[in-house]
Amino acid sequence: MLCSNGSVEWVAVEQSSALPAEIEEAIFFEFEQAGWRTTEAMTLDSVEHGSPSHRKRRFLTAYRNQTPVISVHPETPFPVTTFAQCVGWGPGRRVNTQGQRRIDPRTGRPKGGGGFSADRPSNCVTATAYGWKDEDSGQRIHQNDIGRLVGFRSDYPWTHIGRGEGIRTRAQQAADVVCPMTAAAVIGRILNLHWEEQTRTYVTQLYGTTETA
């Protein structure tokens with residue numbers, strides 16, 4: 001990467017939206033010292049790209065020889081898909097996110113968690129999503145629902161490699177991925193490809209929603 005005639009043309013890194021500014025600046029300083037032409041950083045929320053769950057992440061990109069012109073932001077808003085629409089629930093329900101959490105001996109209540117209205121996009125999916133349930137009926141969501149919440153089709157083959165196979169492990173996989181629609185926007189900008197039309201088609205096929213924000 002440091003060679004003036006190296007073969008790596010671009011680099012993209014995804015991190016927490018809370019990435020300290022001094023780390024970001026240090027990374028970009030190294031690229032600039034090595035003669036790379038453009039470095040940039042952006043915070044994106046997957047809801048902006050049609051996801052039914054929030055996922056705010058920091059994307060750092062660096063380009064050896066180019067400055068991209070394609071925007072990562074859609075020209076028109078994507079359809080809004082609510083949690084309820086994604087998992088097939090009716091309106092007016094609430095999601096309990098306390099899930100399978102340990103009981104705090106001081107309070108007698110689960111540690112962490114809370115809830116949100118199912119009539120809006122979901123909170124960010126975490127490893128505990130396998131325990132999310134309807135606040136009143138106790139109806140739980142399944143791995144295919146968790147996958148759809150982060151932008152994957154229902155039959156996506158979540159495959160665990162190594163020890164510790166279980167529903168929490170598969171939920172953790174979904175919690176760790178980059179939303180495919182956001183990835184399309186970032187990579188589309190990197191490669192100067194018009195990503196929006198194909199991504200919009202994918203979102204419509206996946207969720208069947210057409211109303212805009």
Side-chain angles (χ1 to χ4, degrees), residues 9-19 21 24 27-28 31 36-89 91 95 116-126 129 141 144-156 158 173-213:
E9 293 295 327
W10 55 267
V11 173
V13 180
E14 177 257 10
Q15 260 293 347
S16 164
S17 59
L19 179 68
E24 187 175 294
I27 292 172
F28 282 163
F31 278 105
W36 283 51
R37 181 173 179 178
T38 305
T39 57
E40 58 185 14
M42 61 199 86
T43 300
L44 301 175
D45 188 336
S46 58
V47 165
E48 180 185 3
H49 300 106
S51 170
S53 68
H54 288 280
R55 181 174 295 247
K56 187 179 290 186
R57 294 292 184 267
R58 190 74 168 164
F59 291 86
L60 313 182
T61 52
Y63 309 83
R64 185 187 295 278
N65 298 311
Q66 69 171 14
T67 300
V69 296
I70 302 294
S71 175
V72 296
H73 303 290
E75 293 184 2
T76 57
F78 269 76
V80 174
T81 302
T82 68
F83 177 96
Q85 289 170 325
C86 178
V87 305
W89 288 5
V95 183
F116 60 88
S117 169
D119 294 330
R120 64 169 182 78
S122 165
N123 289 358
C124 183
V125 170
T126 66
I141 63 173
N144 62 322
D145 298 316
I146 296 171
R148 280 167 54 81
L149 283 169
V150 298
F152 287 75
R153 65 184 192 271
S154 296
D155 62 348
Y156 185 81
W158 299 97
Q173 288 181 292
D176 287 341
V177 300
V178 176
C179 171
M181 294 85 85
T182 304
V186 173
I187 299 302
R189 175 170 171 79
I190 290 172
L191 300 180
N192 282 322
L193 298 175
H194 293 280
W195 56 271
E196 187 173 342
E197 182 177 354
Q198 287 180 295
T199 305
R200 194 174 295 276
T201 297
Y202 176 77
V203 168
T204 300
Q205 291 174 343
L206 190 59
Y207 305 118
T209 48
T210 57
E211 69 275 14
T212 56

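Model, not experiment: these values are computed from the prediction. Nothing fancy with the numbering, it's 1 onward along the sequence.
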*If only atom types and distance count, is the side chain of Arg58 paired as donor or acceptor with the main-chain N or O of Ser16 below 3.5 Å?*
no

*Nearest heavy atoms of Trp89 and Ala118, plus distance in Å*: CE3-CB, 4.1 Å

_Ring centre gap for Trp36 and Phe28 strictly below 6.0 Å_ =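 Trp36 vs Phe28: aromatic centres not under 6.0 Å.
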
_Side-chain heavy-atom pair Phe59, Val178 within 4.5 angstrom cut-off_ =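 Counting from C-beta outward, Phe59 and Val178 do come under 4.5 Å.
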
_Regarding Thr67 and Thr38, do their side chains bring together a donor and an acceptor under 3.5 Å, going by distance alone?_
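There is such a pair between these side chains.
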
*To the nearest 0.5 Å, what is the distance between OG (Ser71) and NE2 (His194)?*
11.5 Å

*Pairwise distance CG(Leu44) to CE(Met181) - rounded to 0.5 angstrom*: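 Rounded to the nearest 0.5 Å, the CG-CE separation comes out at 13.0 Å.
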
*Could you state the interatomic distance from CZ (Arg189) to CD (Glu40), rounded to the nearest 0.5 Å?*
4.0 Å

*With no hydrogens and no angle check, is any side-chain donor or acceptor of Arg148 less than 3.5 Å from a backbone partner on Cys86?*
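Present.
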
*asked:* Is any side-chain heavy atom of Gln15 closer than 4.5 Å to one of Leu60?
replied: no

*Can you tell if the side chain of Val69 reaches within under 4.5 Å of the side chain of Asn192, non-hydrogen atoms only?*
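Side chain of Val69 against side chain of Asn192, heavy atoms only: contact under 4.5 Å found.
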
*With Asp45 as reference, evaluate Lys56, Arg55, His54, Arg57 under the side chain to side chain donor-acceptor pair (under 3.5 Å) test and give the passing residue.*
His54

*Look at the side chain of His73 and the backbone N and O of Glu48, then say whether any donor-acceptor pair between them is shorter than 3.5 Å.*
no

*Rounded to the nearest 0.5 Å, what separation is found between the CH2 atom of Trp10 and the CD1 atom of Ile190?*
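Reported to 0.5 Å precision, the distance equals 4.5 Å.
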
_Arg64 side chain to Glu9 backbone, donor-acceptor under 3.5 Å_ = no

*Tell me, do Tyr207 and Pro52 make a side-chain contact under 4.5 Å, heavy atoms counted?*
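Side-chain contact under 4.5 Å: yes.
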
*Under the criterion side-chain contact (heavy atoms from CB on, under 4.5 Å), which of Asp176, Asp145, Val177, Val150 is the partner of Val125?*
Val150

*Is it true that a side-chain atom of Glu196 and a backbone atom of Glu75 form a donor plus acceptor pair closer than 3.5 Å?*
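Pair found, side chain donor or acceptor close to backbone of Glu75.
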
_Can you tell me how far apart OG1 (Thr182) and CD (Glu14) are? Round to the nearest 0.5 Å._
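Interatomic distance, Thr182 OG1 to Glu14 CD, rounded to 0.5 Å: 9.5 Å.
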
*Do the side chain of Asp119 and the main chain of Thr82 share a donor and acceptor less than 3.5 angstrom apart?*
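No, the answer is negative, given that no donor and acceptor are paired below the 3.5 Å cut-off.
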
*Do the side chain of Thr43 and the main chain of Ser17 share a donor and acceptor less than 3.5 angstrom apart?*
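Looks like no, no N/O pair under 3.5 Å.
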
_Donor-acceptor pair, distance only, cut-off 3.5 Å: does the side chain of Tyr202 make one with the backbone of Gly151?_
yes

*Heavy atoms only: give me the nearest Arg120-Ser117 pair and the separation to one decimal.*
CG-O, 3.3 Å

*Steps toward side-chain contact (heavy atoms from CB on, under 4.5 Å) verdict (Ile141, Val95)*: CA-CA 10 Å; Ile141 63 173; Val95 183; over 6 Å; no

*Minimum heavy-atom distance between Gly50 and Val203, given as atom pair plus value*: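 For Gly50 and Val203, the tightest heavy-atom pair comes out as O-CG1, 3.9 Å.
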
*In Å, rounded to the nearest 0.5 Å, how long is the span from CH2 of Trp195 to CZ of Arg200?*
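Spacing of CH2 (Trp195) from CZ (Arg200) equals 7.5 Å.
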
*What are the two closest non-hydrogen atoms of Thr39 and Ala62, and how far apart are they?*
CG2-CB, 4.0 Å

_Thr61 versus Met42, closest heavy-atom pair with distance_ = OG1-CE, 4.2 Å

